[in-house]
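To start, the structure under review is shown below, and the notes come after it.
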Amino acid sequence: MAKNKSQLKSSSGFWILLVAAVVLEATACLQYFYSRAAIDREAVDRARAELRAAELEINAATIELEAAAKMLTNMAELSLDYPDGIYTCTRTLLEILDDVESAGVAFIPNYYPSKGRWYEVCSSREIIGDSMRIYTRQIGSATHDYFQYEWFNNGLTIDSAWWSEPYLDDAGAQKMVVSCSHPVRDKAGNIVAVVCIDLSISKLHRVSEYLQVYKDSYFSIRSSTGVDIVARPDTMPGRKYRIFDEEIDSTGWHLSIIIPEDVLYADLRRIGLIVTILMLLGLALLVFIMVFAGKNLQNLMDVSTQRERMLRELEIAKTIQKAMLPKVFPPFADRPDLNIYGMVRPAKEIGGDLYDFYVRHDKLFFCVGDVSGKGVPASLVMATIRSLFRSITAHVEQAHEVIIQMNDTLTEQNDQNMFVTLFVGVLDLPTGELSYCNAGHNAPLIIRAEHGKVRTMDVQPNLPVGISLGYAYVEQKMHLTYGDTLFLYTDGLTEAENIRHEQFGEQRMEKALNAGLALRPREIVDAMDAQVTAFVGDAEQSDDLTLMAVRYQKPAIIMRNDIQQIPTLAEWVDELGIPMELNMPVNLALEEAVSNVMLYAYPGRNDGKVFVEFAKAKDEQGEKLIFTISDSGIPFDPTAKPEADITLSAEERAIGGLGIHLVRKLMDEIRYERRDGKNILTLVKILTPKQGVA
């Protein structure tokens with residue numbers, strides 16, 4: 001019995017020690033993690049506050065210099081007829097604005113023949129002792145060939161204030177500067193000179209007084225392309241740092257604060273060390289006994305925690321990646337000349353395939369890409385490529401220039417040696433001109449509406465993006481006619497394998513497209529997806545799959561003088577993207593009006609044609625849907641028929657008139673005119689505020 005009591009006591013002591021150890025450890029961990037979280041929040045709040053203060057100061061300086069550049073531009077444009085008056089302009093600006101380091105006006109070659117090829121008037125400040133003077137001179141020459149400078153060339157092409165990368169101005173300010181340039185135009189609107197206002201790099205160092213939030217913290221300012229304007233000191237190898245960034249909206253520069261973690265968590269580590277020593281002294285025996293079991297338990301918990309965290313992060317990444325892709329179809333309710341549909345099915349939870357498109361200034365910008373590899377690394381590159389596509393196409397309209405900039409940016413940051421096959425296209429919607437550039441991607445297919453045949457587009461292969469810095473990508477062009485469809489895909493389609501390791505291949509792909517020439521883009525993509533899914537069967541998906549179809553269509557339909565053509569109106573109306581509740585009344589009105597044309601405009605003939613066109617308009621009455629029906633038949637005004645008296649019986653009522661009566665009831669306006677040998681009937685439907693498109 002004594003032995004049993006001893007065993008029971010030992011067991012009780014063991015559990016008491018174990019519970020005590022767990023409670024103490026849990027308390028210490030909670031204290032540590034809550035303290036660390038509080039320190040992190042404080043560090044974030046302090047850094048953000050200081051970054052915003054510094055941003056405000058830099059914004060104020062840059063906005064002031066942009067205003068100075070515009071002021072000098074106006075002064076220079078007024079003085080273009082007086083070459084020597086430019087001296088007064090630059091000098092006056094420096095006398096008015098104390099913060100301007102130097103200001104110059106550089107003219108295009110030989111603008112003033114009497115002044116020679118180079119004519120750049122510059123005024124600068126010079127500190128002599130305790131005084132300051134302004135000196136003005138003409139600095140353009142063969143030794144100071146400003147035609148080669150970035151600020152001058154971009155000033156000729158960018159019609160707004162533009163900030164240069166940092167450089168040594170050895171002729172004007174005679175120090176490291178960043179310059180704000182602005183074009184100068186003559187009375188005819190031609191650019192004849194570029195204004196250049198310099199901001200000294202040394203002045204930007206003043207932000208350090210805001211950003212010294214902790215001991216040994218650093219700051220830096222980088223341009224929008226990543227070039228250091230104010231470089232941070234080299235960090236110590238092996239030392240960990242926290243970095244906080246803020247973008248300056250007016251210039252695109254980036255401010256950063258770099259804080260050593262050992263400084264940030266110094267007090268926490270000191271307290272943690274004391275607590276750890278006390279725990280070790282009090283629980284030394286328990287740690288000795290339980291070390292192996294504790295290690296195994298901790299390893300199991302770590303593995304489980306890491307797995308759960310990985311699953312959560314993958315789910316979050318999957319959600320974010322899906323959110324980056326277009327998901328509203330049809331995407332452009334106000335663009336009846338476009339019909340687009342696309343899909344991505346990753347091989348894993350997340351993938352490296354992408355597609356994107358949007359319309360800007362009546363141009364459709366679109367792309368399809370495939371990142372080398374799979375999983376998380378590929379998804380990160382995919383997100384980068386999509387962001388670059390959106391940001392670059394916001395100001396660049398040439399497809400090859402878009403890929404060149406994307407390639408240079410990715411190559412400079414490509415530590416993982418990953419690359420992207422990419423196809424970028426820019427479609428001018430009013431003209432149908434398509435400019436495109438291919439970076440090692442699968443050549444798209446085009447379905448020509450004119451002859452209903454599928455063919456592979458002629459593309460230059462070029463190198464994939466991310467391999468060679470400065471690679472000269474080739475742009476190509478072609479013309480699309482209304483009804484043409486582009487089919488773009490990644491190699492996950494043609495290289496999809498079944499359980500016998502047979503690939504889907506290009507022949508099956510083209511056969512599937514030829515079988516669905518009359519399908520709409522969504523139906524084309526869905527049919528292709530169904531074909532490849534059926535082919536793969538039970539085999540595991542080996543690669544990401546992306547499909548996209550783009551149809552360039554005219555918001556009009558041409559019908560033969562054949563009553564059997566009437567059902568095609570319903571399909572055409574479905575593609576216009578008008579409010580769903582109006583589809584049936586609009587279609588019914590069009591059927592009645594077109595039937596009238598076929599019956600009366602071409603009596604005894606079947607060789608005529610009926611044209612139905614669609615447009616949108618907006619006036620004081622609200623948003624309108626406008627349908628224009630025209631034919632080249634004999635003059636026939638359906639609106640001239642008297643209103644049908646539907647109160648009479650069928651025997652008493654005159655023959656005809658019910659069709660046009662129905663049209664009048666369904667539409668808000670109906671007008672007829674005879675012009676250029678054509679009957680033109682216009683039907684108007686006014687949308688309610690709820691139906692209108694914002």
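Values in this document were obtained by computation on a predicted structure and should not be read as measured data. Numbering starts at 1 and runs along the sequence shown.
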_Around atom CD of E495, are there more than 12 heavy atoms from other residues, nucleotides or ligands closer than 6.0 Å?_
yes

*Does H441 reach the side chain of L422, with side-chain heavy atoms less than 4.5 Å apart?*
no

*May I have all residue pairs that pass ring pair (Phe, Tyr, Trp, His ring centres under 6.0 Å) and include part of residues 551-573, sequence neighbours excluded?*
Y482-Y552

*Name the orientation class of the two ring planes belonging to F357 and F329 (parallel below 30°, tilted from 30 to 60°, perpendicular beyond 60°).*
tilted

*May I ask you to decide if T490's main-chain N or O and N442's side chain share a donor-acceptor pair within less than 3.5 Å?*
no

*Under the side-chain contact (heavy atoms from CB on, under 4.5 Å) rule, what do V426 and Q398 come out as? Steps first, then yes or no, please.*
CA-CA 7 Å; V426 180; Q398 292 77 31; over 6 Å; no

_Looking at every non-hydrogen atom in both residues, tell me the closest pair between F365 and V396 and how far apart they are._
CE2-O, 3.7 Å

_Qualifying side-chain hydrogen bond (donor to acceptor under 3.5 Å, both in side chains) pairs with a residue from residues 181-191, counting only residues at least two apart or across chains_ = T73-H182, D159-R185

*Given side-chain contact (heavy atoms from CB on, under 4.5 Å), test L410 with V420 step by step and report yes or no.*
CA-CA 9 Å; L410 186 64; V420 184; 3.9 Å; yes

*Of all residues at least two apart in sequence or in a different chain, which pass the salt bridge (charged side-chain N to carboxylate O under 4.0 Å, His left out) check with E669?*
K624, R671

*Side chains of L545 and V344: does their closest heavy-atom pair fall under 4.5 Å?*
no

*Any donor-acceptor N/O pair, Y471 side chain to I404 backbone, under 3.5 Å*: no

*So how far is it from M528 CE to L519 CG, rounded to the nearest 0.5 Å?*
10.0 Å

*Interatomic distance, R386 atom CZ to C367 atom SG [nearest 0.5 angstrom]*: 9.0 Å

*asked:* Looking at D484 and R551, is there a salt bridge between them, counting it only when a charged N and a carboxylate O are closer than 4.0 Å?
replied: no

_Please evaluate residues Y436 and K477 with respect to the criterion side-chain contact (heavy atoms from CB on, under 4.5 Å), reporting the C-alpha separation (whole Å), side-chain torsions for both, the decisive distance (0.1 Å), and the verdict._
CA-CA 6 Å; Y436 60 93; K477 293 186 178 182; 5.7 Å; no

*Which heavy-atom pair separates L156 from I191 by the least distance, and what is that distance?*
O-CD1, 3.2 Å

_So Q405 and H395, do their side chains get closer than 4.5 Å, heavy atoms only?_
yes

*Are side-chain heavy atoms of R455 and R448 found at a separation under 4.5 Å?*
yes

*Any salt bridge between D637 and R674, counting N to O under 4.0 Å?*
no

*Donor-acceptor pair, side chain of T568 and main chain of Q565, under 3.5 angstrom*: yes

_One pair to check against side-chain contact (heavy atoms from CB on, under 4.5 Å): E150 and W162. What are the steps and the verdict?_
CA-CA 10 Å; E150 179 188 31; W162 179 86; 3.3 Å; yes

_Determine whether a donor-acceptor pair (N or O, by modelled atom type, separation under 3.5 Å) exists between the side chain of Y341 and the backbone of R520._
no

*If you round to the nearest 0.5 Å, how far is CZ of F366 from OH of Y358?*
13.0 Å

*Does L599 CG have over 12 foreign heavy atoms under 6.0 Å away?*
yes

*Between D631 and N679, a side-chain donor and acceptor under 3.5 Å*: yes

*Determine whether L547 and I524 make a side-chain contact, defined as any pair of heavy atoms from C-beta on separated by less than 4.5 Å.*
no

*Between CG on residue D529 and CD on residue Q531, distance to nearest 0.5 Å*: 10.5 Å

_E510 and N514: side chain donor to acceptor below 3.5 Å_ = no

*Between E433 (side chain) and M478 (backbone), is there a donor-acceptor pair under 3.5 Å?*
no

*In a check of side-chain contact (heavy atoms from CB on, under 4.5 Å) between R345 and each of D353, T533, T546, which one passes?*
T533

*Would you check if the side chain of E592 reaches a backbone N or O of N587 as a donor-acceptor pair within less than 3.5 Å?*
no

*Ring geometry between F487 and Y489 (parallel below 30°, tilted from 30 to 60°, perpendicular above 60°)*: parallel

*Can you find a pair of side-chain heavy atoms, one from P521 and one from I340, that are under 4.5 Å apart?*
no

*Compare every heavy atom of S160 with every heavy atom of P183, then report the nearest pair and how far apart it is.*
CD-O, 3.9 Å

*How about I566 and S595: do any of their side-chain heavy atoms sit closer than 4.5 Å?*
yes

*Using salt bridge (charged side-chain N to carboxylate O under 4.0 Å, His left out) as the criterion, list what pairs up with D362, not counting sequence neighbours.*
R335

*Look at the side chain of Y473 and the backbone N and O of A399, then say whether any donor-acceptor pair between them is shorter than 3.5 Å.*
no

*asked:* Suppose we screen for salt bridge (charged side-chain N to carboxylate O under 4.0 Å, His left out). Which residues come up paired with E397, at least two apart in sequence or across chains?
replied: R360, K363

*If every non-hydrogen atom of C437 is compared with every non-hydrogen atom of V474, which pair is closest and at what distance?*
SG-O, 3.2 Å

*Can you tell me if H479 uses its side chain to pair, donor with acceptor, with the backbone of T431 under 3.5 Å?*
yes

*Quick one: does E613's side chain get under 4.5 Å of F627's, heavy atoms only?*
no

*Locate the shortest heavy-atom distance separating N596 from F636; write the atom from each residue and the value.*
O-CE2, 4.2 Å

*asked:* Distance check, rounded to the nearest 0.5 Å: L588 atom CG versus L590 atom CG?
replied: 9.0 Å

*State whether the side chain of Q541 and the backbone N or O of D543 hold a donor-acceptor pair below 3.5 Å, judged by distance alone.*
yes

*Provide the closest heavy-atom pair for L354 versus L325 in the form atom of the first, atom of the second, distance.*
CA-CD2, 4.3 Å

*What pairs with D491 under salt bridge (charged side-chain N to carboxylate O under 4.0 Å, His left out), at least two apart in sequence or on another chain?*
none

*For M667, which of V684, L625, L683 qualifies under side-chain contact (heavy atoms from CB on, under 4.5 Å)?*
L683

*Between CG of L427 and CG of L480, what distance do you get to the nearest 0.5 Å?*
5.5 Å

